[in-house]
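Quick notes on the structure that follows.
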Amino acid sequence: MRPVALVDCNNFYASCERLFQPRLRGRPVVVLSNNDGCVIARSNEAKDLGIAMGAPWHLSKETFKRHGVIVRSSNYTLYGDISRRVMRILSTFTPDLEIYSIDEAFLGLDGFGDRLEAHAREIRRTVLQWTGIPVSIGIAPTKTLAKAANRLAKQGDGVRLLMTQDAQAEALAQLKLTDLWGVAGRMEKRLAVIGITTPLQLRNADPHILRQHAGVLLERMALELRGVSCVGLQNLVPQAKSIMCSRSFGRAVTTRRELEEAVSTYAERAAAKMRRQALCTATVQVFVTTNPFKTQETQYAASRTITLPVATADSAKLVNAATMALARLWRSGVRFKKAGVILLDLVDQSSVQGDLWTSPDTPRNTRLMQAMDKLNALYGRDTVTLASSGRKVRWSLRAEKRSARYTTNWDELLRVA
DNA sequence: TCTGGGGTCCTAGGACCC
DNA sequence: TCTGGGGTCCTAGGACCC
């Protein structure tokens, strides 16, 4: 049985804010989302006041004031920086580290025998001492159980082991279904239909019945709750599969021009983020929604996907595609509240290459520069590399998974472009 | 007036092909 | 009047996570 630890920073954003402002310690602190829209982090004191995750600020301002709640706008640059420091420390404790989110990591802890708990306490002490961030650690044979252990660790003294069947059963008996990793409101209702209302019932349920009525994820979860590991540790950071940029509007948008401007900006930002990861794509999706909180207003939510003939990392082409997708979503008279652009089917720019033959009549350097110019125009600046031998120029870009083709035929390349 | 943003995975159903 | 069936691919949408 290979023990897995989940290390989770307590109230991460709120703890980060406290690092540099000691006066925040011991007081209720909340951190707000992007446009100071809603609560995305709470200190324990704020939780004790009953402030809910996701609570809209404009509805709770008065209550916050009354209780002396300290409110901060979010500072993602700071949180990212502190996160990297915490993760670096964790990486010194094990070679098996999976950074799961900005404030959580799974650690493989093989070979510690009965010193597991002492080791966990050492990790906890070190992170706190070196960064000032308090963490909780749950240890179990599977990730799902480690998650549950972590939740109980937070209620206790910061470390919780669930390495035996007895300990696991006792722990699951203390939790609600929705405390489990992967069960939220909708799934809770679906499980209730087949008579499952507690984590222990889920653990003991027939996996085949679960798969039929609640999907393959729940089947896997039941196995994980029994201590059968189905979700392995990933210590390599996987390549992104999609990159998104989206925003809610401060007020409803009703003109096509405004909506187009917003979507163009998002497409550019998403493309820039994609290039930073040396990826490119042929698939651009745009989505729009009305304000779901205004239930008396007519609701509209839709998305459209455009597939380009060739993959690219070039902003202009992606913006163009996004605009085309938006044209199919536009409806006059609709009060748009949010829009976004998602780049899908991302692939490595360097994973595709091709050969082209240049004219022997021009000097080699000129030929290369001409080739580079053409490829840059096609795929976006700095996304193409060339290597030449004789008249042959090998260019590298990216492979396209489904829809985009690549070709070494200049005419077709230019026509497509 | 004011309710986040960035992801992953799964599935239902339509299009299309033979 | 009767009006295939099976397979794959793709899209949109749902559910969940932090």
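Proteins get letters first, then strands, A, B, ... in listed order; numbering begins at 1 in each.
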key: Protein-nucleotide distance (A/Ile306, atom CD1; C/dA12, atom C1'), rounded to Å   = 14 Å
ask   = Using a cut-off of 4.0 Å on non-hydrogen atoms, how would the nucleic acid contact of A/Gly250 be classed: base, sugar-phosphate, or nothing?
value = sugar-phosphate
inquiry  = Among B/dG4, B/dT8, B/dC2, which nucleotide has an atom closest to any side-chain atom of A/Cys38?
reply    = B/dG4
query = For the residue pair A/Phe112 and A/His119, does the interplanar ring angle fall in the parallel (under 30°), tilted (30 to 60°) or perpendicular (over 60°) class?
reply = parallel
message = Would the distance check show the side chain of A/Ser264 and the main-chain N or O of A/Val319 forming a donor-acceptor pair, the cut-off being under 3.5 Å?
response = no
remark   = With the side chain defined as heavy atoms from C-beta on, A/Ser242 is closest, among B/dG5, B/dG7, C/dC18, to B/dG7
query = Checking all strands, does A/Leu217 fall into the base, sugar-phosphate, or nothing category for heavy-atom contacts under 4.0 angstrom?
reply = sugar-phosphate
ask   = Between atom CG in A/Asp179 and atom P in C/dC16, what is the gap in whole Å?
value = 14 Å
ask   = Reckon A/Ile342 touches a base, only the sugar-phosphate, or nothing at all at heavy-atom distances under 4.0 Å?
value = nothing
inquiry  = So A/Arg211, base contact, sugar-phosphate only, or nothing? Heavy-atom distance under 4.0 Å.
reply    = nothing
message = Taking only the C1' atom of each, what is the distance from C/dG4 to B/dC16 in whole angstrom?
response = 15 Å
Expected output: side-chain A/Tyr79 to main-chain A/Asn75 donor-acceptor under 3.5 Å = yes
ask   = Using a cut-off of 4.0 Å on non-hydrogen atoms, how would the nucleic acid contact of A/Lys61 be classed: base, sugar-phosphate, or nothing?
value = nothing
